[in-house]
Novice: 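First, the structure itself, so that you have it in front of you.
Both backbone and side-chain heavy atoms feed into the values below; hydrogens, waters and symmetry mates do not. Indexing begins at 1, ligand by ligand and atom by atom, following the structure's order.
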Amino acid sequence: MTDVLPIAAPERTRAILKAHGFRLKKRLGQNFLTVPKVLARIVTAAQLTEADDVIEIGPGIGALTEFLAGSAGRVLAIEIDSQLLPVLADTMAPYDNVQVVEGDVLKLDLPALVEEKLPGSTSLKVVANLPYYITTPILMHLLQSDLPLAGLTVMMQKEVADRLTARPSTKDYGSLSIAVQQNMHVAVAFDVSRKSFVPAPNVDSAIVTLTRRAQPLAEVTNQESFDKLVRGGFAARRKTLWNNLINLYGKTDAVKEKISLALQDCNIEASTRAETLDIPAFAALSNALFARNVR
Ligand code: SAM
């Protein structure tokens, strides 16, 4: 009887964990979803069709994987915890379109893995309930990889979702908002209560969708200089942009003169704070500094 229930149904989750003698590991961010309705909403938010192949990071015991298997073409699930592999072999046995790979997503060569496991893929999406202790590194790893991702639908702490979607002149706006929004459309699909997980984490969560922009939001002459400026601009949030810039590039008169001219090129006041600058303003300043050899 229990086998007809979704894996995420609390009684089935409990039975699976018990049958395998599996103990949840806090250090690996193992908070498993036990509300099938939430999983169905995640899959709807990801707008999956059979033409889509999905990478899932951290399948756990397969709660989300089961829903993905029913909606996508192929599913490649990457799990770090070797003790979950026999559990997944059991729960995923009915699904012939799911492959499970053991590994740390941050250390894997994802394009090579996709070529090997999902040959001929024409549409690749990431759908995952991310381990919260490494949400930002995973997002940056995925976005900086050469994977041709059509979109990501990912669960994360609400606080990180707020930073990803933040607009200028708000407390959550910072280098992460800019790094992501420069190349992706980002939106919160819906919030998820901490009560939906076993064990319940200390924070509420949100499902965030990220889709690649046809073009970056703003044209950047040199990506490295842009990244450096964005990180350095927010190094000390309470300081003025000027103070952050001279700490970043140097305090000699020659450098100060060039920074001053670059700010004038872009009509930006030295006394402004980085959090008031939108992405096109950051790009313009980065391009002006780069053109004046301030790097
Ligand atoms: N997908 C399941 C669910 O929704 O119930 C489990 C999600 S749980 C929040 C995060 C999962 O990520 C765990 O299974 C954990 O073992 C796995 N994980 C943690 N760090 C990882 C890493 N570096 N690479 C791959 N998987 C990881």
Novice: Step by step, would you call L152 with K125 a side-chain contact (heavy atoms from CB on, under 4.5 Å)?
Specialist: CA-CA 6 Å; L152 299 88; K125 293 181 174 173; over 6 Å; no
Novice: Apply side chain to side chain donor-acceptor pair (under 3.5 Å) to K158 and list each qualifying residue two or more places apart in sequence or on a separate chain.
Specialist: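 With sequence neighbours excluded, K158 shows a side chain to side chain donor-acceptor pair (under 3.5 Å) to D162, given in chain and number order.
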Novice: Checking the side chain of E66 only, and the main-chain atoms of I7 only, is there a donor and an acceptor separated by less than 3.5 Å?
Specialist: yes
Novice: Cationic tip of R295 within the cone over Y249's six-membered ring, i.e. under 6.0 Å and within 45° of the normal?
Specialist: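 Verdict for Y249: no cation-pi partner in R295.
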Novice: State, with a plain yes or no, whether a side-chain heavy atom of V154 is found less than 4.5 Å away from one of V127.
Specialist: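 No, too far: nothing below the 4.5 Å cut-off.
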Novice: Check ligand 1 for N or O atoms under 3.5 Å from a protein N or O and list each pair with its distance.
Specialist:
from	atom 1	to	atom 2	distance (Å)
ligand 1	1 (N)	E56	OE2	3.3
ligand 1	1 (N)	G58	O	2.8
ligand 1	1 (N)	P59	O	3.4
ligand 1	4 (O)	N129	ND2	2.8
ligand 1	5 (O)	L33	N	2.9
ligand 1	14 (O)	G60	N	3.3
ligand 1	14 (O)	E79	OE1	2.7
ligand 1	16 (O)	Q30	NE2	3.0
ligand 1	16 (O)	E79	OE2	2.6
ligand 1	20 (N)	Y133	OH	2.8
ligand 1	23 (N)	D104	OD1	2.9
ligand 1	24 (N)	V105	N	3.1
ligand 1	26 (N)	I80	N	3.4

Novice: For L68, which of N97, D52, V75, L76 qualifies under side-chain contact (heavy atoms from CB on, under 4.5 Å)?
Specialist: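 That would be V75.
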